[in-house]
Amino acid sequence: ALALLARPRAKRIPLKGRHVLITGGSSGIGLAMATAAAREGARVSILARNVARLEEARGAIRAATGQDVGVHAADVRDAAAVSGALDEAGPVDVLVCNHGVFVPQELEKQEMEEVKWMVDINLMGTFHLVKAALPAMKERTKETGLPASIAIMSSQAGQVGVYGYTAYSASKFALRGLGEALQHEVIADNIHVSLVFPPDTETPGFAEENKRRPELTNIIAGSSGGMKADDVARKALDGIKSGKFIVPCNFEGAMLAIATAGLSPQSSPLMAFLEVIGAGLMRFAAMCFQFNWFSTIENWYAKNKKHA
Ligand SMILES: NC(=O)C1=CN([C@@H]2O[C@H](COP(=O)(O)OP(=O)(O)OC[C@H]3O[C@@H](n4cnc5c(N)ncnc54)[C@H](OP(=O)(O)O)[C@@H]3O)[C@@H](O)[C@H]2O)C=CC1
Ligand SMILES: CCCCCCCCCCCCCCCC(=O)[C@@H](N)CO
């Protein structure tokens, strides 16, 4: 029965010979995805702000794969710059909205400018990209008859709100609403939406983040361990190629995906089955994690005599 229910119907989305545009492709997870996609024979374009880092990334990808990638300098907050870059890059088959910034801090201490900055880049930047890319993507799927993909890089902090991530979790949770609604709007054009949910991942951005991350954020985020950018990139590309809507990246992420399945689309009958029978169990596991986290927070505040 679940096999008949799984929607949208599963589709393989090939990368070879197709145009894959990855934002944030000059560093960390985006650079790892661009390298892996180039290695698979995709025509890769990377978009970011800093030209020097883009050129450096282009060199690294050529050295690793022998492939030349297109580079486009634009700030995703600037809708005009984004549509200019997308026009320059040409029609896209697989759009990966991977760009993102993250500065963890208790909201009380965080400046509103920083809150707005994260929401502007992580959420509004993704709106600008989808708006700019969608018309040509629809044309392209009609021309080629091949399914296309819009992939959005969320985070496990986009599945559970974590101490120190009020702005960041808000910006990442928002991407889920965008993704679920967008999937309804683009399925008729054979475009599949994928949301990717990595745990802490070893990247330059993460190294930067660690300089400021509150201890409690470290402890709670640490519940899901960490991953290398190349491993996250492989999980992300595998999920995109199989048209999966929710793409977990590690075991804790798989549990989290079942615990937070909600009304997200599920194309895999097997996953649908696991979600149906695992929901209660995973909710129980989630409550154990929250029990653990609230005890940790309580003890931490008691030890540090800080007023709540
Ligand atoms: N690292 C981690 O622990 C995790 C990361 N993620 C998510 O993965 C994604 C990538 O993270 P990660 O690889 O660690 O990050 P990095 O900081 O290593 O790379 C971020 C990339 O995004 C680009 N970027 C940032 N701001 C903008 C902007 N305004 N316009 C265009 N490009 C921009 C940067 O280039 P430039 O600065 O030149 O513009 C860079 O290429 C993010 O969405 C992040 O939220 C999710 C879970 C875990
Ligand atoms: C069924 C219950 C299972 C629950 C286990 C999983 C617990 C997850 C804890 C939250 C991890 C947050 C990682 C944020 C990574 C990130 O995005 C920052 N590094 C900034 O990029």
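First listed ligand is number 1; within each ligand, the first listed atom is number 1.
At distances below 3.5 Å, not a single donor-acceptor pair connects side-chain atoms of Asn292 with backbone N or O atoms of Cys288. No side-chain donor-acceptor contact under 3.5 Å links Lys142 to the backbone of Asp189. Arg58 places a side-chain N or O within 3.5 Å of a backbone atom of Val69 that can act as its donor or acceptor partner. Under the 3.5 Å distance criterion, the side-chain polar atoms of Thr141 are left unmatched by any main-chain donor or acceptor of Leu146.
For atom 38 (O) of ligand 1, the closest heavy atom belonging to the protein is Asn50 N, 2.9 Å. Distance from atom 30 (N) of ligand 1 to its nearest protein heavy atom, with residue and atom name: Val76 N, 3.0 Å. The single protein non-hydrogen atom nearest to atom 23 (C) of ligand 1 is Gly24 CA, 3.6 Å, given as residue, atom name and distance. For atom 32 (N) of ligand 1, the closest heavy atom belonging to the protein is Ala48 CA, 3.6 Å. Among protein heavy atoms, atom 27 (C) of ligand 1 sits closest to Arg49 NE, 3.4 Å. The protein non-hydrogen atom at the shortest distance from atom 16 (P) of ligand 1 is Ser27 OG, 3.6 Å. Counting only heavy atoms of the protein, atom 45 (O) of ligand 1 lies nearest to Tyr168 OH, 2.7 Å. Thr201 N, 3.4 Å is the protein heavy atom nearest to atom 2 (C) of ligand 1.
With hydrogens and angles left out, the side-chain atoms of Arg212 and Gln105 include a donor and acceptor closer than 3.5 Å. For the residue pair Glu180 and Ser264, a side-chain donor N or O sits within less than 3.5 Å of a side-chain acceptor on the partner. Asp200 and Gln156 share no donor-acceptor pair across their side chains, judged by distance under 3.5 Å alone. Side chains of Ser224 and Asn250: a donor-acceptor N/O pair is present below 3.5 angstrom, by distance only.
Of all heavy-atom pairs spanning Ile240 and Ile13, the tightest one is O-CD1, 3.6 Å. Of all heavy-atom pairs between Ser45 and His19, the closest is OG-NE2, 2.6 Å.
Against a heavy-atom cut-off of under 4.0 Å, Ala74 is close to the following atoms of ligand 1: 30 (N), 31 (C). Taking a cut-off of under 4.0 Å to the non-hydrogen atoms of Gly28, the atoms of ligand 1 that pass are 13 (O), 18 (O). With ligand atoms numbered from 1 in the order given, ligand 1 contributes 28 (C), 29 (N), 30 (N) to contacts under 4.0 Å with heavy atoms of Asp75. Under a 4.0 Å criterion applied to the non-hydrogen atoms of Met153, ligand 1 contributes the atoms 7 (C), 8 (O), 9 (C), 43 (O). If you number the atoms of ligand 1 from 1 as listed, the ones under 4.0 Å from a heavy atom of Ser154 come out as 7 (C), 46 (C). In summary, the atoms of ligand 1 found under 4.0 Å from a heavy atom of Ile29, numbered by their order in the structure, are 5 (C), 8 (O), 13 (O). Set against the non-hydrogen atoms of Pro204, the atoms of ligand 1 under 4.0 Å away are 18 (O).
The only option from Lys16, Arg234, Arg18, Lys241 that meets the salt bridge (charged side-chain N to carboxylate O under 4.0 Å, His left out) definition with Glu40 turns out to be Lys241.
Of the candidates Gly205, Ala85, Ala81, Gly100, Gly100 brings a heavy atom nearest to atom 20 (C) of ligand 1. The residue from His72, Arg53, Met33 that puts a heavy atom closest to atom 34 (C) of ligand 1 is Arg53. Relative to atom 42 (C) of ligand 1, the option among Asn98, Ile152, Thr203 with the closest non-hydrogen atom is Asn98.
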Anything under 3.5 Å between an N or O on ligand 2 and a protein N or O? List each pair with its distance, or write none.
| residue | atom | partner | partner atom | Å |
| --- | --- | --- | --- | --- |
| ligand 2 | 17 (O) | Ser155 | OG | 2.7 |
| ligand 2 | 17 (O) | Tyr168 | OH | 2.7 |
| ligand 2 | 19 (N) | Asp200 | OD1 | 2.8 |
| ligand 2 | 19 (N) | Glu209 | OE1 | 2.9 |
| ligand 2 | 21 (O) | Tyr168 | OH | 3.0 |

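Considering backbone and side-chain atoms alike, Pro198 places every N or O at 3.5 Å or more from each N or O of ligand 1. Polar contact with ligand 1: absent for Gln156 (N/O pair, distance under 3.5 Å). Geometrically, ligand 1 and Lys172 share a nitrogen or oxygen pair separated by less than 3.5 Å.
The environment of Arg7 atom CZ is dense: over 12 non-hydrogen atoms of other residues, nucleotides or ligands sit within 6.0 angstrom. Around the CZ atom of Phe173, the shell of radius 6.0 Å holds more than 12 heavy atoms that belong to other residues, nucleotides or ligands. Counting heavy atoms of neighbouring residues, nucleotides and ligands inside a 6.0 Å radius, atom CD of Glu111 does not exceed 12 of them. No more than 12 heavy-atom neighbours from other residues, nucleotides or ligands sit within 6.0 angstrom of CD on Glu298.
At a 4.0 Å heavy-atom cut-off, ligand 1 does not touch Ala157 at all. Under 4.0 Å from ligand 1, the heavy atoms of Pro199 that appear belong solely to its backbone. The side chain of Phe102, and not its backbone, has at least one atom closer than 4.0 Å to an atom of ligand 1 (non-hydrogen atoms only; side chain from C-beta on). Contacts between Glu202 and ligand 1, counted as non-hydrogen atom pairs separated by less than 4.0 Å, are absent for every part of the residue.
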| message | Could you go through Glu275 and Gln266, starting from their C-alpha distance and side-chain angles, then the distance that decides it, and tell me whether this counts as side chain to side chain donor-acceptor pair (under 3.5 Å)? | response | CA-CA 9 Å; Glu275 283 170 2; Gln266 178 49 267; 2.6 Å; yes
| query | side chain to side chain donor-acceptor pair (under 3.5 Å) between Lys172 and Asn122: does it pass, once the steps are laid out? | reply | CA-CA 7 Å; Lys172 292 297 190 179; Asn122 298 353; 5.1 Å; no
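Hydrophobic clustering of Ile, Leu, Val, Met, Phe, Trp and Tyr side chains at less than 4.5 Å, counting indirect connections, unites Leu21 with Phe127.
Under a 4.0 Å heavy-atom criterion, Glu209 is not in contact with ligand 1.
Taking the charged nitrogens against the carboxylate oxygens, Glu202 and Lys228 do have a contact shorter than 4.0 Å, which makes a salt bridge.
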